[in-house]
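Below is one structure, written out as structure tokens, with a few remarks after it.
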Amino acid sequence: MFSSFGYTEMLLLGVIALMLFGSRLPEVARNFGRGYREVRRKLDEVQREFRDWDKPEPNPPSRPQSLIGQTDDVQRYQPAAPRFVPPTDNDD
């Protein structure tokens, strides 16, 4: 960000800031740092949301091999009525 600024420009900005803010300069610098950090954190959150947007959902945990075939205390039942078989067309 500051790669285009030389030592002279940085010194000039420091003198101007000192003249504008005087003894309040440390407080102003802290507030600027907090604001910058908050904006950067929010920007990182937005970037992370966009990056994670197209990731597939994790698979639900599968049942262990020892439990496969066992019921979870649920009574399975057979229907009491016989299975319906549609009549065939016997046109005599």
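Note: hydrogens, waters and symmetry copies are ignored here, and every other heavy atom, side chains too, is used.
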My understanding is that only residues two or more places apart in sequence, or in another chain, count here; which of them pass side-chain hydrogen bond (donor to acceptor under 3.5 Å, both in side chains) with Arg34?
Asn31
Tell me whether Met10 shares a hydrophobic cluster with Phe21, the cluster being built from Ile, Leu, Val, Met, Phe, Trp, Tyr side chains joined at under 4.5 Å.
no
Would you say Leu13 ends up clustered with Val15 if hydrophobic residues are merged whenever their side chains have heavy atoms under 4.5 Å apart, either directly or through other cluster members?
no
Output the distance between atom [atom1] ([X]) and atom [atom2] ([Y]), rounded to the nearest 0.5 Å.
| X | Y | atom1 | atom2 | answer |
| --- | --- | --- | --- | --- |
| Arg24 | Leu18 | CZ | CG | 12.5 Å |
| Glu49 | Arg51 | CD | CZ | 10.5 Å |
| Ile16 | Leu11 | CD1 | CG | 10.0 Å |

Is it the case that the side chain of Glu9 and the backbone of Gly6 share a donor-acceptor pair, with hydrogens and angles ignored and the cut-off at 3.5 Å?
yes
Just checking Gln47: does its CD atom have more than 12 heavy atoms from other residues, nucleotides or ligands closer to it than 6.0 angstrom?
yes
Sorted by chain and residue number, the salt bridge (charged side-chain N to carboxylate O under 4.0 Å, His left out) partners of Arg40 (sequence neighbours excluded) come out as Asp44
